[in-house]
Amino acid sequence: MMENIKLYDRVLLKDGNRASIVEIYEPDKYFIADIDTKDGTVTEDLRVEQIEKVLR
């Protein structure tokens with residue numbers, strides 16, 4: 001089970017990108033994140049199923 005994800009945590013996504021949690025809509029389930037991609041940073045909805053691990 002994944003540890004508790006907090007506001008501003010850095011996370012590794014299953015697609016290999018890294019992201020920063022910027023809003024928590026539903027704790028441990030649904031977030032808004034700034035995702036670092038090869039084309040820059042995008043802000044998107046993120047579900048806990050897309051997260052590989054918390055980097056902090």
Out of curiosity, Leu12 CG to Glu52 CD, how far, rounded to the nearest 0.5 Å? 6.0 Å

Name all pairs fulfilling the salt bridge (Lys or Arg N to Asp or Glu O under 4.0 Å) condition that reach into residues 31-41, sequence neighbours left out, sorted by first residue then second. Arg10-Asp36

Over all atoms of both residues, closest heavy-atom pair of Ala33 and Leu46: CB-CD2, 3.7 Å

Phe31 and Val11, any side-chain heavy atoms less than 4.5 Å apart: no

Would you mind listing every salt bridge (Lys or Arg N to Asp or Glu O under 4.0 Å) that reaches into residues 19-28, with sequence neighbours excluded? Glu26-Lys29

Identify, with sequence neighbours excluded, every residue that meets ring-ring contact (aromatic ring centres under 6.0 Å, His included) alongside Tyr25. Tyr30

Closest non-hydrogen contact found for Lys14 with Ile51 is CE-O, 3.6 Å

Any chance you could measure Ile32, atom CD1, to Ser20, atom OG, to the nearest 0.5 Å? 13.5 Å

Enumerate the residue pairs fulfilling ring-ring contact (aromatic ring centres under 6.0 Å, His included) with a member in residues 37-56, sequence neighbours excluded, ordered by first and then second residue. none

Strictly by ring-ring contact (aromatic ring centres under 6.0 Å, His included), give each pair with a member in residues 34-56 just once, sequence neighbours left out. none

According to side-chain hydrogen bond (donor to acceptor under 3.5 Å, both in side chains), who are the partners of Asp15, at least two apart in sequence or on a separate chain? Asn17

Is the closest side-chain heavy-atom distance between Ile5 and Ile24 below 4.5 Å? no

Which atom of Asp45 lies closest to which atom of Gln50, heavy atoms considered: O-OE1, 4.2 Å

